[in-house]
Amino acid sequence: MRAPFSTALAIAFGLVVLLGYFIPAPCDPANPGLSCTFLGIRVVLLDWGATLAGVAMLVGIVNLALVHWRKVRASGKERDLLSAVFLLAFLITLAAGLWFTPADVRFQRAVLGIQTPVEISLMALLVVTLAYASLRLLQRRSGLMAVSFVISALVFLLLMSGLSGLFQQVPLLREPVNVINRLPLAGARGILLGIALGSLTAGLRILLGADRPYSG
Amino acid sequence: MSMAENRCPMCGKSNPEEAQRCVFCQAQLKPLTGGEELPQPSFSSSDETEWLKSLRHTMGEEPSSAGETGQEEEPDWLARIRQRAQTERQSTDEDKNQLSSWLGDTGKETSGAGEEDWLNQLRAVTGVPQESPEEPSPPSQEERRMTTGELRDVRDRLSRIAGEPVDLSAGVPPAPQPAETTPPSAEAEQPPQVTAGETSDLAEWLRSLEYAGMEKPAEKTEFSIPLEQSAEQPYGDLAEFTGESELGGPPEGEQPDWLKAFEEVPPVEEAPSAPEPLAAPVSGEETPDWLKAFEEVPPVEEAPSAPEPLAAPVSGEETPDWLKAFEEVPPVEEAPAAPEPPAAPVSGEETPDWLLELAQTFTSETPGVQPSPVEVPVSPFVEEVSPQAEHPEGVTMPVEEFLEEAVQPEQTAETTPVKGVDLTDWLAELEEEAVDKEAISRAFILEEEQPPSEELPAASYPFAGIDADLLGAEEAETPKETGIEGLEGLAPALLPDWLQALRPVEAVIGETPTGVEEETQVERAGPLAGLRGVLPADRLVIQYRKPPVYSIKLRVTEKQRQHIEVLDDLIKAEGKPAAVKREDLQVPRRLLRLTLALILILVVLIPLLVSSPSVVPTGLVPDENVRGFYSQMNLLVPDRPVLLVVDYDVGYLGEMRFAATGVIENLMLKRQRLAIVSTVPTGPLLANDLLERAQLKLTQVEPAIRQGYALPDRTVNLGYLPGGTTSLQEFATFPRQAVFAGLGSVPGEPQNVWGHVVVQNINRLSDFAGLLLITDRVDTARAWIEQVEPALEGRPLLVVTSAQVAPMLTPYVDSGQIEGMIWGITGGMAYERLAGVPPHAAAYWNAYRYGMYVGFAFILSGVLLRSITDVFSRRRTKHEA
């Protein structure tokens, strides 16, 4: 077996966490019992996991800074001056955060003042790109699915623009509009069921040792 | 072929007699008869030359070169013969004396000048060197006539001699003599008495006769002398055969017809015609060339009678040179003990050794030759027929038979022993076969005069070079030989010069015969030194030429070249990327894009600038979800803080802010305390921004709100959970352990967030009045619902989300896990309208709605335009096709 120790450890912790869900949560610190024991183990493990997640974010930030540093020092076509801009902004923000602390309103406004327009602009580009892609879809792959996609987009644009309320006031259109509004719900439930089954399967595979993503 | 009709063998046209080449086709008219071009007869062929050389060396040339070779070492067989001859000489001494005395008597009868003349003439004819120092002068015509007469006397004497069965060899029975040939007066007549000088002359003559027919030195010197018939009857018959009178030949100065015929053909043809030597001296003319050739050749095998024993007792002197020469002739070792009957003169039981050796020599030296019964006897006979010229009566048949024996040793084993060689027999056979000789010899002539490739130039075979090129040198030789055999009836011709000049070089190169040289050549170097017949490597190397260089240039026609170009273009076009056809747009694309962007901006900005935010959009009615959410908000316990979870990204700030602002304003109006927490790093910042905006909005409507609801006192920012959704379980179980240092409102003061007045009484999540989740993510919403909602212990979980996520969370609303949920701008506006808060979202609703309409119009118009364009383009393509 490949990495038996890691596999046994992963299975053991998985079972402990799973038992913590099935065992009743109430735990009286004055009268600790089995539930408190499992809860204590589970909390410790989750605390370790949270710490590791925080460290992983820190590692990601450092890695991002190093990548852009290499691009700044690179020669030729790989050299990117925008990376220098990124590093400069990163250092300024880091210094401001260390100096003013994240609780400072000015610091918070500065961060949001930069981050909010950037992300909103990206969302606007996404909307235009999706609209143009729907047109190209008819040109490239003009089939039944493409036509259905375009028709669905147009219909829901109209409904989401407030027309659904107007149509619901019309008796003849009320039920058809309700049916159309329930169409996304039906799809969403199907997606949720798929997600639930997938998560259950992945958990069982890890608990049974069939899937060992931690083994490298 | 007569001289008068000098027809060309190639073209068949007549030519002048003196013409050597055809005036029409330049072919060689007499390539074989003329001594100029063919100085030697055709037996210059390699194979035949070999065996001829051996034959000459063995028997023919030794007598001629006796004087020269007399000093050389004697062969064993000759030594044995001599030794045996010495012993026999002693034993037959008395018989010889008797014969000498008898010859002396005979000489007395024929003494005189005439006697010497005819003897000398006979010596001259037989080529026997005379004892007299004087060189015999050519006889005059009268002398020749007399000689003819004297020759007749000799015949008579010989007949008488032959009639007397003089048996010189003791114990050897005399050969049976035919009764009619025996002269009736043989016994009555006394043997001729001769003087001493005459006796010596006669002895020499007899020796010459002996040697003329002697191939066997007569170890059994039987002297039954069937010579009588050979001297008498054959001559008479031959005279009749040749058309001569008995007394003489043709008239002087006139050649007989038969002689002319012989002269026209090569000497080989005359070889069998034995009587010619007699005719020549009779005619009084000079000896012809062909006859000289006969004279030059020493006697080969005429040994029916061996008068050698006579010579020694007669002379009593040392053997003369010419006799020595004859002695050195390879004798027949096993002479027949008794003369055979005339019918079988050459028949014997055993093959003589010398004949066997000769046959072996012949067969061994000519391994590749399969002599036909016609070719082989003639070949040596043609070149070395001189004995026949001198002793016509004894040469013809014995030589032929001898050669036949040499070729067919099995047959000669029965017939070879010349037991008592009877000249009568072979002369009789000669007489019988004389008629056929001409035809046979003609065939021989053709074969000998049309030699293989060596005699005739290779140019005579126009395809020889081609064959040599195609089949190789060895294969090319065979067609030549076969071609020569096939041309027996045709006279060979030579290619004209102009045609030879046109021949390719390869044809000339391929004609080089190599087989003979390869067989005779002895290797002198290398490990094969001393071996014969080794393939010469150097010659092979020379033969290997540089291989011809063939042009690789294709010969193609114009049409094929066009096809090649078309194919080449097609292949090259495959490698090139297909050129994208430029879109033929009436309006520039950039202008179109700018126009579209400008339209969208104007449609969004104009409602924001024109419409009043306080105007409630028509047609927007709060649905059941909004009312349910609103009712849940009213059920919140006012003395407990509400856990506000802000888990949305900055990008969704526009939608989420307008959806959640009305709810936050409602909580501020209710003086509800808020504890802020998030699972994303930007969540606490966005939460502070949301609170500030809501307070600012309420301050614009009710300025007392700012003072009555101070954010630092009414709200606490617990920060974000470092483990994200992973920390929700811990946060739901032990909130104080999961969150230690929140985002303090007082900078530089390390504080425990749980000491804040808002949350100082909170130990678990159920201590909160409720949980308001603002999120735009399904996963985050699901995690809060699944992990934290059980820890709320019945406290309401309210969700404000985006329109995108709402369908995904609707099932949780239907299941009761979420007590109330509103989503998007419409939900926010509906809540604002229902809660009675200032309508903030309505100002953006029109802009949002008009923008949606314009977008719908753009997409629909684009789809229609594309569809119409495609339809027209397809029709155009079909029309063009």
Side-chain angles (χ1 to χ4, degrees), chain A residues 17 20-21 25 27 39 42-43 46-47 49-54 57 100-105 107-109 111-112 115-123 126-128 131-132 134-135 138-139 142 150 153-154 157-158 160-163 165-166 168-169 183-189 191-192 195, chain B residues 617 619-621 623 649-654 681-682 684-686 688-689 692 717 719 721-724 726-727 729-730 733-734 737-738 742-748 778 782 790-791 803 806-811 824 826 845 848-853 855-856 858-860 862-863 866-867 870:
Chain A
V17 174
Y21 279 100
C27 172
L39 181 61
R42 186 179 64 179
V43 169
L46 291 175
D47 198 8
T51 304
L52 291 176
M57 180 172 290
F100 295 105
T101 68
D104 188 78
V105 178
F107 176 75
Q108 295 176 1
R109 289 179 180 175
V111 172
L112 292 178
Q115 191 170 2
T116 302
V118 172
E119 292 193 5
I120 290 175
S121 300
L122 292 176
M123 294 300 294
L126 179 61
V127 172
V128 174
Y132 185 74
S134 62
L135 295 178
L138 287 178
Q139 183 180 0
S142 59
V150 173
L154 293 175
L157 276 176
L158 290 176
M160 297 300 291
S161 62
L163 294 179
L166 295 176
Q168 286 179 350
Q169 294 176 0
L183 287 176
L185 299 177
R189 294 205 176 191
I191 293 173
L192 290 175
I195 293 172
Chain B
L620 182 60
V621 178
D623 55 6
D649 291 331
V650 181
Y652 290 91
L653 180 63
T682 58
L685 301 180
L686 291 175
N688 290 336
D689 180 70
E692 290 178 358
N717 197 332
L721 299 175
T726 308
S727 302
Q729 181 67 23
E730 184 185 9
T733 307
F734 301 103
Q737 296 180 7
L743 188 62
S745 59
V746 182
V778 179
R782 187 163 54 87
M808 301 292 291
L809 299 179
T810 303
T826 57
W845 168 248
Y848 174 77
R849 188 176 55 178
Y850 295 150
M852 297 286 283
Y853 292 154
F856 175 83
F858 284 169
I859 293 174
L860 183 61
V863 171
R866 176 62 65 181
S867 301
D870 291 342

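Heavy-atom basis, side chains included; hydrogens, waters and symmetry copies ignored. Order of the sequence lines fixes the chain letters, A, B, ..., with proteins taken first and strands second; residue numbering starts at 1 for each chain.
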**Q.** Residue part contacting chain A, namely of B/P684, when any heavy atom lies under 4.5 Å
**A.**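 Contact with chain A is absent: no heavy atom of B/P684 under 4.5 Å.
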Q. With a 4.5 angstrom heavy-atom cut-off, which part of B/D623 approaches chain A: side chain, backbone, both or neither?
A. neither
Spacing of [atom1] belonging to [X] relative to [atom2] belonging to [Y], to within rounding of 0.5 Å:
| X | Y | atom1 | atom2 | result |
| --- | --- | --- | --- | --- |
| A/L185 | A/L192 | CG | CG | 10.5 Å |
| A/Q115 | B/L653 | CD | CG | 10.5 Å |
| B/T682 | A/Q108 | OG1 | CD | 11.5 Å |
| B/S727 | B/Q729 | OG | CD | 10.5 Å |
| B/L721 | B/E730 | CG | CD | 8.5 Å |

Q | Sub-4.5 Å side-chain heavy-atom contact between B/E692 and A/R109 | A | yes
(Q) So B/Y853 and A/L157, do their side chains get closer than 4.5 Å, heavy atoms only? (A) no
Pick whichever of [options] has the most heavy-atom pairs under 4.5 Å with chain B.
| options | value |
| --- | --- |
| A/G49, A/A50, A/G187 | A/A50 |
| A/T116, A/V150, A/V128 | A/T116 |
| A/L112, A/L52, A/V105 | A/L112 |
| A/T51, A/I191, A/D47, A/V111 | A/D47 |
| A/L158, A/V127, A/L122, A/L126 | A/L158 |

Q: Just give me the residue among B/Y652, B/Y850, B/Y848, B/F858 that pairs up with chain A most often, heavy atom to heavy atom, under 4.5 Å.
A: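 Max contact count across the listed options: B/Y652.
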Q: Could you look at A/I195 and say if it's the side chain, the backbone, both or neither that has a heavy atom under 4.5 Å from chain B?
A: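 Only the side chain of A/I195 comes within 4.5 Å of chain B.
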